[in-house]
Asks: 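Structure in structure tokens, see below.
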Amino acid sequence: MYGLWKPRVLGAWKVPATGPVIFAVNHSHNIDGPMVMGVAPRPTHFLIKKEAFIGPLDPFLLGIGQLKVDREIADRTAITDALGVLASGGVLGIFPEGTRGEGDFASLRAGLAYFAVRSGAPIVPVAVLGSSDRTSRLIKGLPPLSSRVDVVFGDPFEAGDGSGRRTRQALDEATGRIQKQLSAHLDHARRLTGRPENAGRPAGR
């Protein structure tokens with residue numbers, strides 16, 4: 001990541017040095033996950049759609065500890081693997097919007113709340129800005145080489161209400177709390193980096 005672009009990493013000191021952590025990352029470009037993996041202060045295991053595990057990428061992604069997930073079903077193997085990462089004190093990376101889009105945390109799936117409430121791990125919001133502002137003329141689909149991409153880590157927070165409940169209502173309430181925290185962090189990250197309001201959204205939108 002540092003060889004191809006110019007990442008500017010802010011707030012990395014806020015990431016707990018030990019213990020289970022969940023990175024909640026906005027997602028507007030395919031390099032967002034690799035960028036966070038490359039600049040995060042701790043090794044990160046992302047839940048990645050199974051469609052990405054093709055050809056030589058399959059053994060490579062598995063070899064660096066990434067987790068394959070089938071988004072069309074309740075993938076129990078992926079759920080077990082993700083909880084295992086947290087149980088062993090590792091860092092789990094999640095795109096809470098479920099898929100690449102506006103990257104504004106406007107629509108969250110319940111998976112992030114489930115992992116946070118079930119494991120008790122704190123959530124660290126991560127805003128990746130600048131990855132989708134422009135595309136390279138040399139390599140279609142990638143940001144211009146040597147362009148700046150900002151990665152802003154936020155303050156860790158707890159998703160649960162302290163009751164330990166894991167009911168549907170509890171998860172819905174946790175998702176609401178998470179969304180407010182992530183949206184506030186994204187607004188803060190934009191102000192901090194001087195990025196425009198539409199930073200992080202796919203080019204052309």
Side-chain angles (χ1 to χ4, degrees), residues 1-49 52 61 64-67 85-86 90-106 108 112 115-116 121-136 139 141-157 159 178-203 205:
M1 293 297 106
Y2 282 100
L4 295 174
W5 295 281
K6 294 180 179 178
R8 179 172 62 168
V9 183
L10 303 172
W13 58 271
K14 297 180 180 180
V15 178
T18 59
V21 174
I22 299 174
F23 286 162
V25 186
N26 69 322
H27 194 24
S28 63
H29 196 284
N30 287 331
I31 73 158
D32 295 338
M35 182 64 68
V36 173
M37 284 184 233
V39 305
R42 294 177 58 184
T44 307
H45 306 269
F46 267 93
L47 278 168
I48 301 174
K49 62 183 180 180
L61 290 173
I64 61 173
Q66 306 313 303
L67 310 176
V85 167
L86 296 172
V91 179
L92 177 67
I94 294 180
F95 300 114
E97 295 159 292
T99 187
R100 184 165 56 91
E102 297 289 344
D104 57 4
F105 293 127
L108 305 189
L112 174 56
F115 287 119
I123 295 172
V124 171
V126 185
V128 181
L129 303 174
S131 60
S132 60
D133 289 353
R134 295 177 294 132
T135 57
S136 172
I139 306 176
L142 291 179
L145 299 181
S146 297
S147 63
R148 195 186 83 202
V149 178
D150 293 322
V151 182
V152 186
F153 294 88
D155 294 312
F157 65 91
I178 291 170
Q179 187 168 28
K180 290 180 181 178
Q181 293 271 12
L182 297 186
S183 295
H185 172 66
L186 185 58
D187 289 342
H188 169 73
R190 286 171 174 159
R191 292 192 300 270
L192 186 66
T193 59
R195 295 281 182 176
E197 183 65 24
N198 63 350
R201 295 181 182 175
R205 293 193 181 184

Asks: Could you give the distance from NZ (K14) to CG (D155), rounded to the nearest 0.5 Å?
Replies: 4.0 Å

Asks: Applying the side chain to side chain contact (heavy atoms under 4.5 Å, CB included) test to L47, which of L67, L112, V85 qualifies?
Replies: L67

Asks: Considering all heavy atoms of both residues, which atom of F153 and which atom of P41 are nearest to each other, and what is their separation?
Replies: CZ-CD, 4.2 Å

Asks: Could you go step by step and tell me if L129 and L186 meet the side chain to side chain contact (heavy atoms under 4.5 Å, CB included) rule?
Replies: CA-CA 9 Å; L129 303 174; L186 185 58; 3.9 Å; yes

Asks: Could you give me the CA-CA distance, side-chain angles and deciding distance for V128 and V25, then say whether side chain to side chain contact (heavy atoms under 4.5 Å, CB included) is met?
Replies: CA-CA 7 Å; V128 181; V25 186; 3.9 Å; yes

Asks: Work out which heavy atom in P122 is nearest to a heavy atom in P20; give both atom names and the distance.
Replies: CD-O, 3.2 Å

Asks: If I take atom CD1 from residue I48 and atom CE from residue M37, how far apart are they, to the nearest 0.5 angstrom?
Replies: 4.5 Å

Asks: Can any side-chain N or O of Q181 pair as donor or acceptor with the backbone N or O of V124 at less than 3.5 Å?
Replies: no

Asks: To the nearest 0.5 Å, how far apart are CZ in R42 and OG1 in T18?
Replies: 6.5 Å

Asks: Can you tell me how far apart NE2 (H45) and CG (L92) are? Round to the nearest 0.5 Å.
Replies: 8.5 Å

Asks: Could you pull out the closest heavy-atom pair between R195 and R148, with the gap in Å?
Replies: NH2-O, 3.1 Å

Asks: With a 4.5 Å heavy-atom cut-off, do R190 and D187 have their side chains touching?
Replies: yes

Asks: More than 12 non-hydrogen atoms from neighbouring residues, nucleotides or ligands closer than 6.0 Å to NZ on K180, yes or no?
Replies: no

Asks: Would you sort out whether F23 and F46 count as a ring-ring contact (aromatic ring centres under 6.0 Å, His included), showing the intermediate values?
Replies: CA-CA 9 Å; F23 286 162; F46 267 93; 7.6 Å; no

Asks: Please report the shortest heavy-atom distance between L86 and A121, naming the atom on each side.
Replies: CD2-CB, 4.1 Å

Asks: Supply the atom-to-atom distance N26 CG to H185 NE2, rounded to the nearest 0.5 angstrom.
Replies: 8.0 Å

Asks: Using a 4.5 Å cut-off on heavy atoms from C-beta on, say whether the side chain of I178 contacts that of P96.
Replies: no

